[in-house]
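All values reported here derive from a predicted model rather than from experimental measurement. By convention in this document, chain letters (A, B, ...) are assigned in the order of the sequence lines, proteins followed by strands, and residues within each chain are numbered from 1.
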Protein chains: 2
Amino acid sequence: MAYPQTSFCHTTLAPRTLLGQRRRAVAANTLQYQLDVLKKTGRYDAFRLKWHPVYDRAPEVWPIPDHLFWDSDVAKWIEGACYFLQQECMPEIADAVDELVNMIRSAQQPDGYLNIHYTVVEPGKRFTNLKDMHELYNCGHLIEAALAHHALYDNDQLLGPICLYVDLLCKTFGSDPGQTHGYPGHPEIELALLRLYDRTEIPRYLMLAKYFITERGNPTGCDGRHYFDVEAEARGADPNMKPAFYPEPRSLWYHQAHLPIVEQQTIEGHSVRAMYLLTSVADLVRIEQGHNDLRAATHRLWRNMVNQKMYSTGGIGAIKQWEGFGLDYYLPQGTSEGGCYSETCAAIGVMMLAQRLLQTDLDGRFADIMELCLYNAVLTAMSTDGRKFTYVNQLASSEEDSSSRNDWFTVACCPPNMLRLLGTIGGYIWTYSTLNTEQKARIDVHLYIGAKLEFDCAGDMIELEQETQWPSSGDVKFRLRSRKVKVDLRLRIPGWAESWKASQERRHRLVVNKGYVTISSDWLEQQPEFTLSIPLKPRLLSSHPLTTQNTVTIARGPVVYCVEDSDNPWVQDHFATLLMDPSCSMVEQSVHDRDLGDSYVALTVTRGCSILEPDKFEDSPFLRDNGLDKAKPLSDVNFVPYYFRANRGGKGHMRVGIKKAG
Amino acid sequence: MAYPQTSFCHTTLAPRTLLGQRRRAVAANTLQYQLDVLKKTGRYDAFRLKWHPVYDRAPEVWPIPDHLFWDSDVAKWIEGACYFLQQECMPEIADAVDELVNMIRSAQQPDGYLNIHYTVVEPGKRFTNLKDMHELYNCGHLIEAALAHHALYDNDQLLGPICLYVDLLCKTFGSDPGQTHGYPGHPEIELALLRLYDRTEIPRYLMLAKYFITERGNPTGCDGRHYFDVEAEARGADPNMKPAFYPEPRSLWYHQAHLPIVEQQTIEGHSVRAMYLLTSVADLVRIEQGHNDLRAATHRLWRNMVNQKMYSTGGIGAIKQWEGFGLDYYLPQGTSEGGCYSETCAAIGVMMLAQRLLQTDLDGRFADIMELCLYNAVLTAMSTDGRKFTYVNQLASSEEDSSSRNDWFTVACCPPNMLRLLGTIGGYIWTYSTLNTEQKARIDVHLYIGAKLEFDCAGDMIELEQETQWPSSGDVKFRLRSRKVKVDLRLRIPGWAESWKASQERRHRLVVNKGYVTISSDWLEQQPEFTLSIPLKPRLLSSHPLTTQNTVTIARGPVVYCVEDSDNPWVQDHFATLLMDPSCSMVEQSVHDRDLGDSYVALTVTRGCSILEPDKFEDSPFLRDNGLDKAKPLSDVNFVPYYFRANRGGKGHMRVGIKKAG
């Protein structure tokens, strides 16, 4: 039961927790809201294959037609809906799923092909531009929708047609002479194919995924040349006409196709593509033996991402132009500092990748990052009521880009991804495995979220419950119920935790290995109820010295904090002149926001902040001293969790990393 | 005699000075070298109007065909050659000028039109894309070449045909109903037209320049719409197909055409365009009364450039994509910090603009920047022997972009601009004016360069000589010779000068006004020979606190310093981990490099530098302290002038702003 998309059914989230509330908001608002948008924009009916005026429009981002993602927008909605329908009865949503599935079935071509653009807009052009036209990407999301539908309804209404489509792809793509030696410009189908293989056990689905993964970036894979070059030439494409998101022509690294994955030394390009790709690679490594080189590559690229190209919020992608990675240590916080992209979907992708890596390597460093993303770069993307979203999540606002959320976007990938993540979050909390024959089970707890896990092992119903107000409180009360099966637990001890303890008298020494403490079934037989306590107190993070920043960031537990104008109405300049001394004094306060329903810990720096007064020193390049000691002291600067920003109106002034006083 | 391009003839530079040596290198090598390149690349013969294979090539930077600048490459070479031919006899150069002039004359169309691309490659398409196709830009450089040719040979061989071409433009462009209400995408012709007006005194040339300047950016100037929109529509251009150098479609600010100049609040876009434009605006303000709004605009934009968008070297342009300005205070030093463009031509443009502003406002802040650019962002662009150049002048090297020079580039604007600048540098040193009727003259000395100025006033030959080894030494020996004419001097006292004195006994108090000390004719009658002494000692410049940098830069006089691997062979990482404490100790040493022939002052920081050891602290985003106090002390770190970099081979590791310790 490795996939969150299936294992989540075994978890029920407690409603009155942060994640429980977000899930409820999404179920109550987002699902219906997104359905309304699908209908309003024409996406809903697009599988009827009629012409829509948007198909005539010149692309906003050349050469990507605006409607190109409609297949996947619909598929992702269906997928998210099916997740929530597992645990909630929503007739209108179920009816829409049904109607959409029928439309999709009716859109299938006789040979199995299923794609709106290449049926309606450019018939006869299928598979001529795998690099740019999201053809296989759309199929990947259809596969994921079909798997969610099949898991909910246990019928082949959607899965059947999708498998026919995939069978066509298995014939079309591969290493045989008559086949196309190609692979998608936007990875997604690879991870979907592996899940399809897991569900159906049909080997050619695994083989196709493996082909796409291992052929990618092959410089001589197609007539002795790179597939994307051959494909472009066959299309008569002008090699100097580059997409807006390429800094120069032939930017293959944008697609992580500049080299075979096993040769890639650094993580580059479009962040979401990279995350979906590496998620599939990590899953392939899990499924099949003999991929040590791919495994080494995923770990190498993970390390480069986390150590050199990740924001303190877990966000990735400094560069707006290609929505992706910049150079090592280039981490500006916002537009006035040179940029910051940190796309929501990319942070969700980091979580997906971390979750995959954990299945092969139980290592707290993966789970720590998964949690960091969840509580910061991911959660910040949605308003508390589930109606407004962000695509870009900067760490500092500016006049050009204030800290605020929008309703929808032309490329509407982020809200449905939030739906899919929160729909399956139960599957991220823990991983369980069973050895039925030996009446043993193991549960690895990655995230501390109030929830209950129930699963069968050797006829016994195992139940593990955690009760907690994490991340406000660091106490997690566990309760295990198991009659005969011996259950071992492994609990993550976060890397930032200075100390921890498991309550009750300990008669056995607890061993921490790679960030997880093993709590044996023997220990649990004595204490089936116990409390894990991890003290959560504010700490300061410095910018890495190899960035050009010189900032301090406040964190508490997994939550990164920010200043907003709502709590600091004196701000005029997006906190650009606010300084903070690392030796500052801070107080905590528990806050319950009645309007929004959120409870959180607010932090106030009572002493140690100051304000620069730029008009007090020279402007010219001959500036002799930087005046950082000419700052005016400021008391009571108020911080809130970054995920909580932009929920209370205001001017949209916000900042995470504060300039270090000094 | 306001223009350096004409006044320079009155100045002879002393050979054994920094600028004298650079001029000699350029006369000895660059001129011939560039002529060879013109011949080798096909530019030389392009005015024969025959097809060249390069015309078939898809543009490297869409939509700008690679050959589009050939007209101006040739024109700029002619112009530079004519400057040097004023003071040096070079028969082969003179023959080439002659041959080129004849080819240009022969390329003229019957109606006066003169342009290679629109005669050979796209006949019938003239004036259909003023925004992108450099049509008027090329004409501007032809004008400047013609003026230089006319000044040297005192005939109309080139000036005649060019004036015919300009007459055609005067008919074509203007505010009358039958005329095209357009203006160039790349300013240049405006400043050239004003000089043409100065030479010929023909009013329509002034009017055309004024039209181009004041019509620019008019949102309703053409059928109630922006001219560039109308022009694009008439061409059937796809508005979403944007040039590679636009971050989004319709980036009018790239051309400083987003608003009328008088409404522009900040300096934006392509740096060279901005500098050429503002140079012409400043000159229009000088020529005609009643342009207070334009004058205010030039000062406002100058201040924004110098105070918020200029590097410590005088370089401008942080953004590679559009070769121009970023947001206020966004000043990364190099590629690993997010970029840095600092184009050579742009720094030369700053000097041109400063020189123009000085003609209306004698203010040391303009001349200080002019000098800063000369000794740093400009001089750094050429090797000591005049054979190698840089287009981009970053302040820190990286693995991606080492500190080194190239021979030539597809867009070859920088070497010829260096030629034109050094050819006329005598006109930048000082400005003189005469009141013949009153037998008075005044000389404003902007730059301290060993040179002699000679000019006639009321039949008297005035001679002012300065003898100096500036910027190594701060002593400048002046010698004035004048029989009857009373000469006042105004000498610039640099803004960074902590003290200064004029030697000899002073019997009159010397008054400094806006950075210039007035030395009256009375005083000079007593001391026609005197020494101005400005102590040059190293000082430290801090990065502005509103940038994200936290660096210290060494300067001495106008010269900014850098570290290079040649003097610090231990460096492995482009000095990214080098730290410097502002309280460091430094020693000076005069160096004469025998191989290169340069003399300069080297600086060594004996104590106060240290090296970070990145492997000694955590890589993760949970970094608790930035380890800047874990650095290892380093003694004897050697600095050389930034203009001297990349002349001695080595690995190309270089850095100007050093990370501040502490």
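Contact count against chain A (heavy-atom pairs under 4.5 Å) is highest for B:Thr548 among B:Ile319, B:Leu331, B:Thr548.
Within 6.0 Å of the NZ atom in A:Lys320, the count of heavy atoms belonging to other residues, nucleotides or ligands does not exceed 12. Under a cut-off of 6.0 angstrom, the local environment of NZ in A:Lys514 is crowded, with over 12 non-hydrogen atoms contributed by other residues, nucleotides or ligands.
Residues forming a ring pair (Phe, Tyr, Trp, His ring centres under 6.0 Å) with B:Phe575 (at least two apart in sequence, or on another chain): B:Trp570.
The minimum heavy-atom distance between A:Ser336 and B:Leu327, with the atom names listed, is CA-CD1, 3.8 Å. Across A:Thr547 and B:Lys659, no two heavy atoms sit closer than the pair O-NZ, 3.2 Å.
When heavy atoms are compared at a cutoff of 4.5 Å, B:Glu337 approaches chain A by way of both its backbone and its side chain. Residue B:Glu399 does not touch chain A at all, counting heavy-atom pairs closer than 4.5 Å. Residue contact with chain B, scored on non-hydrogen atoms closer than 4.5 Å, involves the side chain of A:Glu400 exclusively.
To the nearest 0.5 Å, the span separating CG on A:Leu546 from OG1 on B:Thr577 amounts to 7.0 Å.
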